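So the structure is just underneath, and the comments pick up after that.
This is a predicted model, so every value here is computed, not measured. Values reported hereafter were calculated over all heavy atoms of this structure, with side chains retained and with hydrogens, waters and symmetry mates removed.
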Amino acid sequence: MGKMSGAQAIVKCLKEEGVKIIFGYPGGAVIDLYDALMDSDIVNVLVRHEQGAVHAADGLARVTGEVGVALLTSGPGATNGVTGIATAYLDSIPMVVLTGQVPRALIGNDAFQEVDIVGISRPCTKHNYLVNKIEDLIPTIREAFHVARSGRPGPVLVDLPKDLVASQLSYPEKQDIKMSSYQPTYKPHPVQIEKACKKIMKARKPVLYVGGGVILSDASKELTELAIKLNIPVTMTLMGLGAFPGSHELSMGMLGMHGTYTANMAVAECDLLIAVGARFDDRVTGKLADFATNAEIIHIDIDPTSISKNVKVDVPIVSDCKNALAALNIWFDTKSGIDLVEEANRHKPWFDTIRDWTEKHPLYYKDDSSVIKPQYVIETLHKHTGGKAIITTEVGQNQMWAAQFYKFDYQRHFVTSGGLGTMGFGLPAAIGAQMAFPDKTVIDIAGDGSIQMNIQELATAKQYNCPVKIAILNNSYLGMVRQWQELFYEKRYASTTMDVAPDFVALARAYGAVGLRATTKDEVEPVIKEALATDNIVIMDFKIEKEEGVYPMVPAGKANTEMLLV
Amino acid sequence: MKHTISVLLQNKPGVLSRVTGLFSGRGFNIESLCVAETLEPGVSCLTVVSRGDEAVIEQITKQLHKLIDVIKVTDISDHEYVEREMVLIRVKAESHTRAEVLRVIDIFRGKVVDVSAKSYAVEVTGPASKIQAVIDILRPIGIKEIVRTGTIAMARAPKTK
Ligand SMILES: Cc1ncc(C[n+]2csc(CCOP(=O)(O)OP(=O)(O)O)c2C)c(N)n1
Ligand SMILES: [Mg+2]
């Protein structure tokens, strides 16, 4: 086979890995790669800040399940990407980040635009590589994709010295990847499945507690089948929303700090907690000593470190969620002597209790026609998108209201930075999602603070015809922090007032987008309708009730049953 | 509880940082750490001694195993095992203490490896407790410098009757 440059080989390899779109920003160390990309049909999205590139690749990965790819230059290009990488890492998003590096001969010399990005990113990548030898180049990139998408997914960084990318190589044949030290467990152990099923048979008050792992393994169907078959109520983490239809009567909504009254009560009272692809995060459990104290716990997760990390588990099942849920379904379908109707009926009294909780304390806000309530904005967005839009969010109150009031019926439709809580995530992630699905409605539900963290990506959206819609729930505050100050710091609003802000409508226009504003409740619906009918980027600036809070709320360190209600 | 954990890993650049970064980043403690090549090319064995309750040690072993370059993790303390550490001690040895130092070293089956007019450098090998004992005994005589290797360990072969 003829020789080609390292850069050409990388592009060829990306094609082989199924990459159609990459997000990036050029610089001296990656000129060769950009040059080679010009001759390929991979869409190369030029963002306006490297953080945006990584979030956009992340957004694409979350809605498609494919590996997102970002390409950054050395030094500041790479460091600008770190927040994006950490965001993907905390939410286990499959991603490959290619960074340029100074030529090998200069590494370690404090060369111009040299940073040890492999060292910097080590604790926030699933794995990373500095390629040292030309013959390692393509095998390393292949391995990076394999590691990123297999097992518990995550971002993988490959650092590429400039001289290496510029040198010649003969392209190696594709081979099966063999890694003796990395072999994720995909199939559940039958003994554990049997144990789990017996516990489920015995339970009177079971709860399914579902996290992002179910979505990562595309197990929504298997989960839904199990819940409905056995009549088990379901609660989801922020990352799990959409894994089970939010409008189904078995859905109790989200649990944890801003979870529903029903979900938190049900977890506190259940006698069996079936955790699937969730990791008992502190925002979910509240005070650990009081979490699910009456329950035995089954935990399905592909990552053994997640099991019994925070909460001792009775039946651990190390497996891909999809395979484990399918195995549970098969067990109940095929085991002789099991009457599924009887199984389902056994949970009826429990379900009645749950319904009583929901009737007593549903998700609720005091609507008021003289102001715009943020929850009303979300409900109206839901109504006019038929619940079918892809929703990305920024971080703060806007994110929690979106999670609570947009009832997600489908997986991969809610794109939010859960683990890291990265303000500035929503807009670039929306661009990534829109690039993947040009015909879908993609809405970034934003706060007035967060949107300013990556506002420059409006230009990217414009350049690539991504008609994303941005709904700013504008309270002129860093609202979530203000809410904590209101409740726990005697209303001392230190550094959370954002009265000085751009005119978002004018700002939209400056970027060639459409700006719309609603200052009263009756303007909300027309603004949303107009935005959804516009084939351009639209910023909707909703001047909401400034001191509206997110409720229910479990104060940090308190038990989940000690919720503050509206 | 003290645990001695043996880790087989791919000898790749940065692999030691991955291990130590894991311990520091997650607040696990390292009492000692030793690493060197095995018979197999490209594979190293790392022995780390740490302290923690059962849950912490379980997390340490799982987290180590999760590192992509780690091949195998064994908590040797779960088995019958032998552990060894070596120490080099430079101890004051003047005319009135020279004999005493030699006697102590002999009891601990140590060796003198360097001699000067005023000191001996001695080498002692054994489990960590023995190393500690020899240090405690020599201390009143006057230790000028010590260097310890940290513990290495190996599971005992299963006993056959
Ligand atoms: C990059 C980053 N910096 C700081 C924070 C801390 N933080 C969490 S929510 C929040 C306020 C966000 O304000 P805004 O975007 O206006 O959203 P609101 O809560 O008002 O809806 C802040 C500062 C964060 N999550 N991310
Ligand atoms: Mg705000």
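Contact record, Arg122(A) with Ser17(B): NH1-CB, 2.9 Å, taken as the closest heavy-atom pair.
Atom NZ in Lys126(A) sits 8.5 Å away from atom NZ in Lys66(B) (nearest 0.5 Å). Note that the NZ atom of Lys312(A) and the CD atom of Glu54(B) stand 9.5 Å from one another [nearest 0.5 Å]. Within the model, atoms CD1 of Ile68(B) and NE2 of His146(A) stand 8.5 Å from one another, a figure rounded to the nearest 0.5 Å.
For Gln63(B), the parts sitting under 4.5 Å from any heavy atom of chain A are the backbone and the side chain alike. Residue Ile307(A) touches chain B through both its backbone and its side chain, counting heavy-atom pairs closer than 4.5 Å. Both the backbone and the side chain of Asn128(A) come within less than 4.5 Å of a heavy atom in chain B.
No side-chain donor-acceptor contact under 3.5 Å links Thr305(A) to the backbone of Lys62(B).
Atom NZ of Lys111(B) has 12 or fewer heavy atoms from other residues, nucleotides or ligands within 6.0 Å. Environment of NZ in Lys130(B): crowded, with over 12 heavy atoms of neighbouring residues, nucleotides or ligands closer than 6.0 Å. Within 6.0 Å of atom CD in Gln132(B), more than 12 heavy atoms from other residues, nucleotides or ligands are found, so the atom counts as buried in its surroundings. Applying the 6.0 Å contact sphere to CE of Met154(B) captures no more than 12 heavy atoms from other residues, nucleotides or ligands. Around CG of Asp110(A), the count of heavy atoms belonging to other residues, nucleotides or ligands within 6.0 Å does not exceed 12.
Taking Asp69(B), Ile71(B), Leu8(B) one by one and counting their heavy-atom pairs under 4.5 Å with chain A, the maximum is reached by Asp69(B). Ranked by heavy-atom pairs under 4.5 Å with chain B, the first of Val118(A), Asp303(A), Leu130(A) is Asp303(A).
In this structure the side chain of Leu67(B) never reaches within 4.5 angstrom of the side chain of His127(A), judged on heavy atoms. Looking at Ser181(A) and Lys72(B), their side chains never come closer than 4.5 Å, going by heavy atoms from C-beta outward.
Side-chain N/O atoms of Gln59(B) and Ser308(A) include no donor and acceptor closer than 3.5 Å.
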